[in-house]
Amino acid sequence: MTTLETTLDTLSNVSSPLILVDGSSYLFRAYHVPYLQALSTADGQPTGAITGVLNMFRSLKKDYPNGNIIAIFDAKGKTFRNDMYPEYKANRPPMPDDLRSQIAPIHDIITAMGLPLLVIPDVEADDVIGTLAKQADELGIETVISTGDKDMAQLVTPHVTLINTMTDVAMDVAGVSEKFGVRPDQIIDYLALMGDKVDNIPGVVKCGPKTAVKWLAEYETLEGVIANADKVKGKIGENLRDALEQLPLSYQLATIKCDVELEQTAGELAAGEPDVAALTELYTKYELKRLLADLGNGDKASAATDSKAKSGAAKSATVSTESAAEVTAVEVAQSQYDIIFDKALFNEWLVKLQGSGTFAFDTETTSVDYMKAELVGVSFAIEAGKAAYVPLTHDYEGAPEQLDKDWVLAQLKPLLESKIIKKIGQNLKYDANVLSHYDIELQGIDFDTMIESYCYNSVATRHNMDALALKYLDYKTVHFEDVAGKGAKQLTFNQIDIEKAGHYAAEDADITLRLHQAIFPALAQTPSILSVFTDIEMPLLAVLAKMEQTGVLIDSDVLADQSFSLGQRLDELEIEAHNLAGKSFNLGSPKQLQEILFEELKIPVIKKTPKGAPSTAEEVLQELALDYPLPKVILENRGLSKLKSTYTDKLPLMVSEKTGRLHTSYHQAVTATGRLSSTDPNLQNIPIRSEQGRKIRQAFIAPKDHKIVAIDYSQIELRIMAHLSNDKGLVNAFSEGKDIHKATAAEIFAVDLDEVTTDQRRSAKAINFGLIYGMSAFGLAKQLNIGRQQAQEYQDKYFQRYPGVLTYMEDTRQQASEQGYVETIFGRRLYLPDINAKNGMRKKAAERAAINAPMQGTAADIIKKAMLSVHEWIEAQNDVRIKMTMQVHDELIFEIHQDIVEETTQKLVTLMNNAVELSVPLIAEFGIGDNWDEAH
DNA sequence: AGCGGAGCCTA
DNA sequence: GTAGGCTCCGCTG
């Protein structure tokens, strides 16, 4: 090798990582895989472990085409650890013969492949890997250790990562911390504390991962734990002190030796050429047909699948479905699905789509996260049974050539952006979001089957396609998991064989079309439901897509500071709680807490959970906190740890790399009543009530020169109640702009408006809320902490003063019972299957829902209409300085440039006030600030 | 790894 | 008493 070549070789390290394969760990794992155990050659030589290990190498080659793969196996016989500790691995049974007999063949095959094979006596494979990893790390060579053994986590550095090739789980420094709860440099301490039953390494009795992590979090190292052993309370503390003497030995045993003498260093080891003749002989001998076939196709692994796919590529394949057995109501079995590989067929479809007026389509992507998803293919359907899939970026090895993605999208763009050509889809907001990343603004979004089903009946079914196909078409679709697998090994769509993928994708479009044909006519029979669908939900889809794309800005530093101080306080609280309990326990475990409180400390049980266990719910602890110290500590701990884990720790992790902002998902077809819901993250439950919680809103900030504007509807549900019941007293109170809770108090307690006490107002407020929730005297009594008798009196008084409300509620119950559903002002329906239930509890619950749904649902309708008019106005301004960023049920949040914030806010308030016309005024109130807390 | 329960955050 | 979502634990496969 010339100097130049050596230099180039070094330079190329970046793209050719060192792959250190822990052969022995895979050998044992593969040997125990059930479906491999059956494998053997005709003359009885077992080959399961051989196959398993070689599959793993094959997969590594595929994942790291440029990787420099080194195989390391344990040598026979004892190692230096046995000298240190004779009992080491004494519990291990001898290696079974049918495994032993597979080792030599594996070694032979690996050698014939040209891969360096290291089997070093007197040390374990771990030590050889550790040594090479350390050398590589020092040389700055990126290194991947392929292993199933968690002990290797101690070797992870910024340059050294782990991959478990059997489960496809990778781990870097952060991954180790995440998985184990300690840093890589604490792994040895962690292992030493826990010990290892299998290897016969002693540790601290009863110390598992939880305890080890806790101690190391507190004292950093094993040394630290040993130095502070006196401070550890309880039985486990005794166990620790009993183990003190032998912990250093455990530490030594768990330490991977990183200075094994080797003939070649990590920088020198490299693969040679495969010996094809030798491989052919070995594969033939052990009857490894698949590997033999691969060999015939040259170097490229998995080229075996090419021939079939390529013949399809030459002239577009037509695949017919094979699910005939399950088909009943629709004849999906006779469907003809095209998989389009060439321009001619694509153009044929394009013409058909253009002429169709309405077509169903679906995108296939690499991720369910719309911010990360990349387009893999698109599918279309024009009439039931006729669908096509256009694969674009399937990139598994041996994937056939596909049409150019940019070319296809350029052809489709006018079609997808046409308002005249109507689209049918299932959850089109997702497709719209994905397409927006390819500079396509999806328009003509007229029919979303998910929303059709939701408007038709929000509670009859979940609204995912599989459920809809089953309910409306009596057809079992091919599930994503059927084609992609599940769990850690799940493939992304680009990795799926095109014929399988094509059938799945085309069926999606086909089924979507058929669903539309089944659901839409049913929905359109009721004009009010059709109008909710057409005038509210479908137009809202694009508004939500836009808000999701916009995202919100958060200040991660503010949250990190909060996390830190919360963490400190939580540590203090934990120590305090352990002291009070007299032993260490998990504060977050209701079960453990219940044992401590009610069994060990003998605190009286106040309330039980539905399953009969003593409850440790907040209200219970609050009551106990008056008499005992521990519940108080627990309460503070719960509140703070919720804030830390859900918000201050989590939100910064969810910030998009692309935009630096937080992008939630709004779900339009989840709630029974018509509200939106929000996930990943849920932006609709950001704390506000507690002092600590409010601070989280301070991290929701405006960009430079902008302000956060929050506008919320005041008392919207009570106003709707006034409108619906047309109760004179209630309508008057709102028309005259009174403080509604105060007005209610004045009526119930028969005092003048200005004589209402704070306490009376508080009671009235609870009554008003109770009203919205379908109040019972029982619930009210609990809320106000008064007797049931008195609660009943309040309620009677209320209905006496507001008789229209009573009438309305009675009418609603009756209507629900007769029709089986209730409606919002705009005709959105909620079916109540339990309204005539025999079970009194269920019937009562359904009645409360019946009372609540028209109010909650109408409020949802109103804010949705407001969002539509606000969006329309913002679009018309064509001004990037105004952005709608969030919706929280009765509140809209905006980001507005400071130069125009005043007048824009006024305009938005007006738009919201006039979103609909009720018999009482609709009042929106605004706040302006540098962050959400200030604005609220 | 996936699930239910308990608990707690919001309107 | 209404409507949601998320995190934790602890069990089960």
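Chain letters run A, B, ... following the sequence lines, proteins first, then strands; residues in each count from 1.
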Quiz item: Among B:dC9, C:dA3, C:dC6, which nucleotide sits nearest the side chain of A:Ala672?
Solution: C:dA3
Exercise. Using a heavy-atom cut-off of under 4.0 Å over every strand shown, decide if A:Lys782 touches base, sugar-phosphate, or nothing.
Key: sugar-phosphate
Exercise. May I ask you to say what A:Arg848 touches in the nucleic acid, namely base, sugar-phosphate or nothing, with a heavy-atom cut-off under 4.0 Å?
Key: sugar-phosphate
Self-check item: Rounded interatomic separation in angstrom, taking CG from A:Asn685 and P from C:dT2
Solution: 19 Å
Quiz prompt | Sugar-phosphate only, base, or nothing, as touched by A:Glu618 at under 4.0 Å among non-hydrogen atoms | solution = sugar-phosphate
Exercise. Could you tell me the separation between the CD1 atom of A:Ile863 and the C1' atom of B:dT10, rounded to a whole number of Å?
Key: 14 Å
Practice problem: Provide the closest heavy-atom pair for A:Ala467 versus A:Thr461 in the form atom of the first, atom of the second, distance. | Solution: CB-OG1, 3.6 Å
Quiz item: Could you write nucleotides 8-13 of chain C as a row of B, S and -, 5' to 3', where a protein heavy atom under 4.0 Å of any base atom gives B, of only sugar-phosphate atoms gives S, and otherwise -?
Solution: SSSS--
Quiz item: Checking side-chain hydrogen bond (donor to acceptor under 3.5 Å, both in side chains) against A:Tyr794, which of A:Lys797, A:Gln792, A:Gln790 comes through?
Solution: A:Gln790
Practice problem: Name the nucleic acid region contacted by A:Leu676, choosing base, sugar-phosphate or nothing; use a 4.0 angstrom heavy-atom cut-off, strictly under. | Solution: nothing
Quiz item: Atom CD1 of A:Ile862 to atom C1' of B:dA11: distance rounded to whole Å?
Solution: 15 Å
Quiz prompt | Side-chain N or O of A:Thr616 closer than 4.0 Å to phosphate OP1/OP2 of B:dG7 | solution = yes
Practice problem: Measure from the side chain of A:His889, starting at C-beta and using heavy atoms only, and say which of C:dT2, B:dA11, B:dG7 lies closest. | Solution: B:dA11
Quiz item: A:Leu653 CG to C:dT7 P: how many Å, rounded?
Solution: 10 Å
Quiz item: Is there a side-chain contact between A:Phe799 and A:Met809, using heavy atoms and a 4.5 Å cut-off?
Solution: yes
Practice problem: Respond yes when some side-chain nitrogen or oxygen of A:Ser677 is under 4.0 Å from OP1 or OP2 of C:dG5, and no when none is. | Solution: yes
Exercise. Evaluate the side-chain proximity of A:Asp466 to A:Phe480: yes if any heavy-atom separation is below 4.5 Å, no if none is.
Key: no
Quiz item: Is the shortest side-chain N/O distance from A:Arg689 to OP1 or OP2 of B:dC9 below 4.0 Å?
Solution: no
Quiz item: Rounded to the nearest Å, what distance is computed from the NE2 atom of residue A:His667 to the P atom of nucleotide C:dG4?
Solution: 13 Å
Self-check item: Sugar-phosphate, base or nothing in reach of A:Tyr647, heavy atoms under 4.0 Å
Solution: sugar-phosphate
Quiz item: Does A:Lys864 make a cation-pi contact with A:Phe826 (under 6.0 Å, within 45 degrees of the axis)?
Solution: no
Quiz item: Are A:Glu599 and A:Lys583 within salt-bridge range, i.e. N to O under 4.0 Å?
Solution: no
Quiz prompt | Candidates C:dG4, B:dA11, B:dG7 - which lies nearest the side chain of A:Ala617 | solution = B:dG7
Exercise. Check every strand shown and say whether A:Ala850 touches a base, only sugar-phosphate, or nothing at a heavy-atom separation below 4.0 Å.
Key: nothing
Quiz item: Using a cut-off of less than 4.0 Å, is there contact between a side-chain N or O of A:Arg675 and OP1 or OP2 of C:dG4?
Solution: no
Exercise. Could you check whether A:Ile851 gets within reach of a base, just the sugar-phosphate, or nothing at all, counting any heavy atom under 4.0 Å?
Key: nothing
Quiz item: Within this structure, what is the NZ-to-P distance between A:Lys650 and B:dC9, rounded to whole angstrom?
Solution: 17 Å
Self-check item: Sequence neighbours excluded, every pair satisfying salt bridge (charged side-chain N to carboxylate O under 4.0 Å, His left out) that has a member inside residues 584-598 of chain A
Solution: none
Quiz item: What's the OH-P distance between A:Tyr454 and C:dA3, to the nearest Å?
Solution: 12 Å
Practice problem: Select one nucleotide: of B:dA11, B:dG7, C:dG1, the one nearest the side-chain heavy atoms of A:Arg697. | Solution: B:dA11
Quiz item: Just wondering, do A:His889 and A:Ile863 contact through their side chains at under 4.5 Å, heavy atoms?
Solution: no
Exercise. Kindly say if A:Lys642 contacts the phosphate of B:dG7, meaning a side-chain N or O under 4.0 Å from OP1 or OP2.
Key: no
Quiz item: To the nearest angstrom, how far is A:Arg842 atom CZ from C:dG1 atom C1'?
Solution: 18 Å
Quiz item: Is any NZ, NE, NH1 or NH2 atom of the basic residue among A:Lys782 and A:Glu619 found under 4.0 Å from an Asp or Glu carboxylate oxygen of the other?
Solution: no
